[in-house]
Amino acid sequence: MTTAADAGLPDDPTSSGSAQDAATTVQLSAAPDRDAAARRAEDLFIDSFGYRPDGVWSAPGRVNIIGEHVDYQDGLCVPMAISHRCFAAAARTPTDRLRVRSAQSETVLDIDARDLAPGRVEGWPAYVAGVLWALRPHISGSTTQGMDIMIDGQVPLGAGLSSSAALECAVAEAIESLLSLSTSPLQRVQAAITAETDFAGASTGGLDQSASVLSRSGHALFLDCRDFSTRPVPWDLAGQDLALLITDTRAEHSHVDGEYTARRADSEQAARDLGVGTLRDVDPSALEEVLPTITDEVVRRRARHVITEIERVRAFDSLLASGTVREHVAELGALLDASHDSLRDDYEVTVDQLDVAVEAARGAGAHGARMTGGGFGGSTIAMVEAGEAQQVASAIAGAFAARGFAAPEFFLALPSEGAGQDR
Ligand code: ADP
Ligand code: MG
């Protein structure tokens, strides 16, 4: 994680608010200034490769605002790009060598780009090499594919804020420019997904890459997981003195994959019981009549989460279409709260740290708070008054200390611009 301090950059003024109680003052990490961060990536490239790069490209991490555990049931969700980005300083070389380095890792890659194939590249460089490999159908056969790439990321790794998509999408932008391709943003989203699933061998649903490429500043992204169509929705937090406080609870759970598989199986069972292709097809107004037809009590609760969560996304979207965030702040917050409670009680994917962070945020004045991401650890979000972020973070830190949990980490996020060129 790169903070303003260790990047040698001036602290963002929002990153060190004055807490009421100095004893519980916590560090809120706002992303370092984008221009300065891009210059830093360029300098790192020069230090590492000994010459000036052709350009610097970047892509943001993301957080899902609402619509959790509904993607595999053709659901709806509303992610937004966060302020923390991954930067790729890069240059084309007159060879076929692909050389890749990162300020966040000792592991380097130096390979003939023509030899790229799934399984050939280990560790983090697979996410980068995978993007070049996935873009091949768009590269003419006579084009040399050699390039040098220096990565510098601000998105914390493995905190559920999608450092992997930020990395892939920054690289996709760089390759698009360096090799003068003419891919569409959607094709770059697809290349990033293919890189992660088929080349790096990780599993990803596509929400992360869509948000990282397609997001617009001051907006969230409405994403329909049935056909992957998207549209920006107004979500101007900064203009209304609001902010999103992200808490990385740093809680880890050892059987997450098995739990995810079980939840998917439960929701597939529910769809079969209800005679629909996916739970998206259930009319939410008929919920009370149809739910009793599911005999298994656990499966019934799983279905209730998915069906009501999709309905909450619709309600969230309608509110944002009919007024500002400020005008609807209480109702929007209530939807965030209801989403968390459903994930805790019906879907059972929270852990103590997630519940404690959410409760503490609500108690300290957040308009709404919920876990975000797959659950069983990871992060929470709280919609707060911009001037109260510090006090809410302090309350969460205090609640964690009182329970003997490891100290959480805090990030301030504003809805940011998707992938693009910086320099
Ligand atoms: P998340 O995407 O939620 O942060 P993942 O496990 O999907 O978590 O992706 C994290 C992985 O992405 C890291 O373990 C590393 O392999 C790779 N990664 C992301 N950012 C960087 C970076 N700046 N430098 C090197 N590797 C990175
Ligand atoms: Mg990831």
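The first residue in the sequence is number 1, and the count goes up from there. Remember, it's 1-based here, ligands and their atoms both numbered in the order they're listed.
Of the protein's heavy atoms, Ser164 OG, 3.1 Å lies nearest to atom 7 (O) of ligand 1. In this structure, the protein non-hydrogen atom closest to atom 20 (N) of ligand 1 is Leu157 CD1, 3.6 Å. In terms of protein heavy atoms, atom 27 (C) of ligand 1 is closest to Leu167 CD2, 3.7 Å.
Within ligand 1, the atoms closer than 4.0 Å to a non-hydrogen atom of Trp124 are 15 (C), 16 (O), 25 (C), 26 (N), numbered from 1 in the order shown. Numbered from 1 in the order shown, with element, the atoms of ligand 1 that lie under 4.0 Å from a heavy atom of Ser102 read 22 (C), 23 (N), 24 (N), 25 (C). Listed by number with element, the atoms of ligand 1 under 4.0 angstrom from any heavy atom of Gly153 are 23 (N). Residue-ligand proximity, Pro156 to ligand 1, at heavy-atom distances under 4.0 Å covers atoms 4 (O). Listed by atom number, the atoms of ligand 1 under 4.0 Å from Gly160 heavy atoms are 3 (O).
Side-chain contact annotation: Asp355 with Thr350, donor-acceptor N/O pair under 3.5 Å present. Between the side chains of Tyr51 and Asp148, at least one donor N or O lies within less than 3.5 Å of an accepting N or O.
Residue-to-ligand polar distances keep Ser105 apart from ligand 1: every N/O pair is separated by 3.5 Å or more. In terms of polar-atom proximity, Gly158 is counted as a contact of ligand 1, with an N or O under 3.5 Å from an N or O of the ligand.
A centroid separation of 6.0 Å or more is found between the aromatic rings of Trp235 and Phe222. Taking the six-membered ring for Trp, Phe199 and Tyr127 have ring centres at least 6.0 Å apart.
Ring geometry, His305 versus Tyr347: the interplanar angle falls from 30° to 60°, so the pair is classed tilted. Ring planes of Tyr72 and His69: perpendicular class, angle over 60° (limits at 30 and 60°).
Around the CD atom of Gln421, the shell of radius 6.0 Å holds more than 12 heavy atoms that belong to other residues, nucleotides or ligands.
For Ser164, the nearest N, O or S atom to the Mg ion (ligand 2) falls under 2.8 Å.
Counting heavy atoms closer than 4.0 Å to ligand 1, residue Ile151 contributes side-chain atoms (C-beta onward) but none from N, CA, C or O.
The residue from Gly61, Ser163, Gly373 that puts a heavy atom closest to atom 1 (P) of ligand 1 is Ser163.
By the definition of a contact as any protein heavy atom under 4.0 Å away, atom 24 (N) of ligand 1 is in contact.
For the pair Arg101 and Phe49, the cation-pi criterion (under 6.0 Å, within 45° of the ring axis) is fulfilled.
A salt bridge between Asp224 and Arg226 is absent, with no side-chain N of the basic residue lying under 4.0 Å from a carboxylate O of the acidic one.
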